[in-house]
Amino acid sequence: MTLRGIFCMGLLIFCAACGGGSSEPPTAGEMKDFASLCDKVNEGKRVAVVGFLRFPEKFTGTRSVVLRLYGGGDYAGMPIGVQTMIGNQANQVELAPKEFTDKDLKVHTSDGHVAGYGTRVKVSGKVYYPLVGQDFKCALENPLIESAP
């Protein structure tokens, strides 16, 4: 690994340890089309999009996880990341067992429901771009997760 790579990984770990999410309460964002959400014009803006959440292939944290949000229930195409705190309160995802499957996904919505795999949700958040390569182009931080019709 190059010195630059080591620095980037260290910075990412440092930011994750310090972060813990925004101190601002999550609010609704401006509705956007899923396909254009990651356009540079949306960087730093609070937006909203409808889709289907899923765990990443693997994760090790117990404070937060970047869930994947897909535009359709077939979970095809490139997802959007959703930086989500782990817990049992609104806008949080319950901690999954060490060996988890899609059925272990339990996201507490802001309107008092629990959304699982295959449940359509509306997610609002501030658009950011990951510092290191991911399986998503952009992500949403400080999410407001609501049930979607």
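Nothing fancy with the numbering, it's 1 onward along the sequence.
Between Ser124 and Val47 there is no side-chain heavy-atom pair separated by less than 4.5 Å. Using a 4.5 Å heavy-atom cutoff, the side chains of Met85 and Arg63 are in contact. Side chains of Met78 and Lys137 form a contact here, defined as non-hydrogen atoms less than 4.5 Å apart. Residues Leu69 and Val121 meet the side-chain proximity criterion, which asks for heavy atoms closer than 4.5 Å. At least one side-chain heavy atom of Ile80 sits less than 4.5 Å from a side-chain heavy atom of Leu140. Side chains of Val107 and Gln92 form no contact here, defined as non-hydrogen atoms less than 4.5 Å apart. In this structure, Val93 and Lys106 have side chains that are not in contact, with every pair of non-hydrogen atoms separated by 4.5 Å or more.
When all heavy atoms of Met31 and Val50 are compared, the pair lying nearest together is CE-CG2, 3.9 Å. The shortest heavy-atom contact between Ser147 and Thr109 is OG-OG1, 3.8 Å. In plain terms, the two heavy atoms of Leu37 and Ala48 that are nearest each other are CD1-O, 4.5 Å. Smallest separation of non-hydrogen atoms from Val65 and Phe59: CG2-CG, 3.5 Å. Contact detail for Asn42 and Ser36: the closest heavy-atom pair is ND2-O, 3.2 Å.
Among residues two or more places apart in sequence or in another chain, the ring pair (Phe, Tyr, Trp, His ring centres under 6.0 Å) test is passed with Tyr117 by Tyr75.
Judged purely by atom type and a 3.5 angstrom limit, Arg120 has no side-chain atom pairing as donor or acceptor with the backbone of Gly118. The closest donor-acceptor contact from the side chain of Asn91 to the backbone of Ile145 lies under 3.5 Å.
Between Phe136 and Tyr129, the ring centre distance reaches or exceeds 6.0 Å.
Within 6.0 Å of NZ on Lys32 lie more than 12 heavy atoms contributed by other residues, nucleotides or ligands.
Sorted by first and then second residue, the salt bridge (Lys or Arg N to Asp or Glu O under 4.0 Å) pairs involving residues 33-44 (not counting sequence neighbours) are Lys40-Glu43.
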Please lay out, stage by stage, how Thr27 and Arg46 fare under the test side-chain hydrogen bond (donor to acceptor under 3.5 Å, both in side chains).
CA-CA 8 Å; Thr27 57; Arg46 190 137 186 104; 3.1 Å; yes
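Side-chain contact check for Gln89 and His108: no donor-acceptor pair (N or O, by modelled atom type) lies under 3.5 Å.
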